[in-house]
Protein chains: 2
Amino acid sequence: MVNATPPERPRGRGRTTMRDVAAIAGVGIKTVSRVINGEPNVSAAKQEAVLAAVAQTGFRRNDSAALLRQGHTSSIGLVLEDAADPFSSALTRSIQDVAHQHGTVLFSASSAEDPVKERDLVLALCARRVDGLIVVPASGSHTYLLPEIDAGMACVFVDRPPDGIEADTVLVDNVGGARAAVEHLVRHGHRRIAFIGDRLEIFTARERLRGYREALAETGIAFDPRLVFNGPAYGEEMPAWLRGMLAGPDPATALFCGNSRFSVEAIREISRAPQRPALVGFDDFELADLLTPGVTVVSQDPFGLGRAAAQLLFRRLNGDATPVQHIHLRTKLIPRGSGEVGP
Amino acid sequence: MVNATPPERPRGRGRTTMRDVAAIAGVGIKTVSRVINGEPNVSAAKQEAVLAAVAQTGFRRNDSAALLRQGHTSSIGLVLEDAADPFSSALTRSIQDVAHQHGTVLFSASSAEDPVKERDLVLALCARRVDGLIVVPASGSHTYLLPEIDAGMACVFVDRPPDGIEADTVLVDNVGGARAAVEHLVRHGHRRIAFIGDRLEIFTARERLRGYREALAETGIAFDPRLVFNGPAYGEEMPAWLRGMLAGPDPATALFCGNSRFSVEAIREISRAPQRPALVGFDDFELADLLTPGVTVVSQDPFGLGRAAAQLLFRRLNGDATPVQHIHLRTKLIPRGSGEVGP
DNA sequence: TTGAAAGCGATACCAC
DNA sequence: GTGGTATCGCTTTCAA
């Protein structure tokens with residue numbers, strides 16, 4: 001507890017404006033502006049008077065008003081799927097950091113993977129005239145953004161490309177990562193490898209499936225659709241499928257999981273199975289190393305993704321008008337045990 | 001912090017304003033405003049003319065300008081420790097949702113537990129005239145907020161109370177949760193129970209330590225400072241201490257970990273130990289149920305915390321001027337195995 | 001029903 | 001050095 005007498009202060013009188021400060025200090029409003037913004041050409045006497053008035057009133061500049069006049073907002077918007085998931089929150093954090101370095105604040109919002117909600121959120125941010133936008137796009141057309149982009153809104157898409165428009169993207173090498181995972185399993189003797197991925201509406205699911213198929217083709221393994229699941233990451237659908245597949249004829253001896261949600265659910269399932277298949281997951285997750293066995297993953301770097309996207313966005317905001325860029329980040333296979341067992 | 005004004009972006013057609021639309025539609029600017037805002041008293045003919053002009057120009061209202069005039073911003077600010085950690089990201093998500101229900105957008109920023117950075121971020125948000133503020137306070141005085149609160153800024157603190165000011169708080173029952181954890185271990189026969197908690201600058205660390213001590217006192221167990229660690233959650237300090245304590249004379253047979261970070265680090269450590277102590281952790285974490293054994297935790301509900309804080313904030317924004325409120329949320333012990341083993 | 005004029009709270013420009 | 005005035009894009013007020 002602090003036991004000091006608080007200084008006298010005008011209470012609850014609403015906000016002081018520059019005009020008020022000017023009146024109290026006996027100077028023009030522009031002189032106040034000069035002092036507040038540290039501009040030159042103010043005499044020491046007036047400076048002092050202004051500072052005194054500021055201290056007395058507790059004045060603080062209304063940045064919104066200043067920014068309205070200046071034509072930008074020093075803010076950027078971020079719309080992603082779900083702020084609570086680890087991938088998104090890492091993205092958020094790294095973008096916050098870059099934004100902060102540029103004196104910019106960040107609006108964040110979650111689309112819940114709903115194209116309509118995404119559109120509403122994005123347009124709401126555009127209406128506020130954020131200087132730029134970073135979007136993890138939900139599926140669905142993004143042509144609604146064309147008028148905004150035309151009007152000068154800078155926009156970078158992360159993790160997935162937008163549908164129907166050409167725009168800057170920062171993606172991970174999904175195909176390469178998936179290939180690496182499958183090749184790793186093949187190298188450990190597997191030829192019956194299952195793929196468990198998101199609904200095919202989702203870009204990353206399609207790409208990772210493509211990588212899976214390329215790796216199979218390259219190693220001379222026939223593609224078997226019975227070993228492929230594409231569906232929702234939540235709910236009973238995948239576990240039921242997995243149970244059935246493992247209990248059926250000619251089951252998989254190894255699983256390649258298309259995202260960490262699936263990895264976790266699959267582990268939950270196979271830890272009860274008599275014959276535990278090998279497993280490699282796309283996307284790292286906390287505690288993957290603490291499980292028994294440790295979970296082998298293809299890691300992507302969500303912080304790196306966010307940083308790259310934000311840096312690209314600020315380059316655009318600073319006038320970089322070079323053609324649309326597509327940045328791809330590398331993935332890394334981290335062996336921890338679950339992927340290094342034979343059939 | 002770089003505070004440069006970005007150069008003029010080469011924008012397509014630039015932004016259309018209401019004035020432009022009015023000119024094209026051949027009506028007064030106020031009529032455009034009426035149409036855009038769905039206000040009554042506009043003839044069908046003019047309405048149509050305005051709509052046509054809007055469609056032609058791709059006009060979209062500048063909300064920032066509208067809000068400046070209206071005196072609020074329909075935005076709230078959130079400052080927390082680290083947007084990337086699971087607790088914070090759950091908080092963010094639930095606050096986003098409540099804000100969205102109120103037609104409000106959310107600024108989010110991370111203080112990195114640095115009081116100076118927190119102050120900068122909070123004041124920056126105040127300068128933008130967010131309508132309200134939700135803060136997970138870092139340690140350090142919060143008297144810097146007095147002028148803002150005086151000026152009418154609504155402010156709710158989450159997870160920890162602010163220092164030096166009286167304000168609305170939404171906290172979890174740290175003492176009760178800690179007592180429940182320790183009593184649970186005592187019930188399973190333990191009398192040598194260690195406490196592993198954050199630095200005592202952090203409110204929750206103090207409270208949980210208090211609960212630990214109360215439970216010991218109540219069950220007639222002497223407090224032994226050699227069984228208590230308070231220090232940083234990252235780095236080698238805690239693991240080293242734990243190793244030493246377990247290898248020393250009269251070691252603990254059970255651990256009570258003050259947050260999930262410590263739980264994870266402690267598990268990492270004791271899984272290598274010859275004699276694995278029982279463990280209960282404060283704060284649930286993903287995969288706690290998948291580890292072997294499952295990790296018994298005292299769970300708090302970060303989504304509930306965020307929701308309660310946001311709802312309280314919006315009550316304030318809607319004119320609720322009742323005295324300062326202190327909301328406490330209950331915790332729940334979830335037995336999963338690690339806490340149900342004897343000495 | 002309509003729109004001209006006066007703000008909102010700051011900055012930009014330009015005389016003095 | 002200094003400060004008046006126009007302005008940012010919209011809403012509010014009020015007279016027509």
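First the proteins, then the strands, lettered A, B, ... as listed; each starts at 1.
- A:Arg160 has no carboxylate O lying under 4.0 Å from a charged side-chain N of A:Glu201, or vice versa, which leaves the two without a salt bridge.
- Relative orientation of the B:His142 and B:Phe157 rings is perpendicular, given thresholds of 30° and 60° on the angle between their planes.
- A straight line from NZ of B:Lys46 to C1' of C:dG3 spans 9 Å, rounded to a whole angstrom.
- Heavy atoms of other residues, nucleotides or ligands lying less than 6.0 angstrom from CZ of B:Arg119 number 12 at most.
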Where protein sits on nucleotides 7-13 of chain C, one letter per nucleotide: B base, S sugar-phosphate only, - none, heavy atoms under 4.0 Å: BBBSBBB

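- Tested against A:Val35, the residues A:Val42, A:Val21, A:Val27 include a single side-chain contact (heavy atoms from CB on, under 4.5 Å) partner, A:Val42.
- Dashed line: the shortest gap from a side-chain N or O of A:Thr31 to OP1 or OP2 of D:dG3 is under 4.0 Å.
- The closest side-chain donor-acceptor pair between A:Glu81 and A:Ser111, if any, does not fall under 3.5 angstrom.
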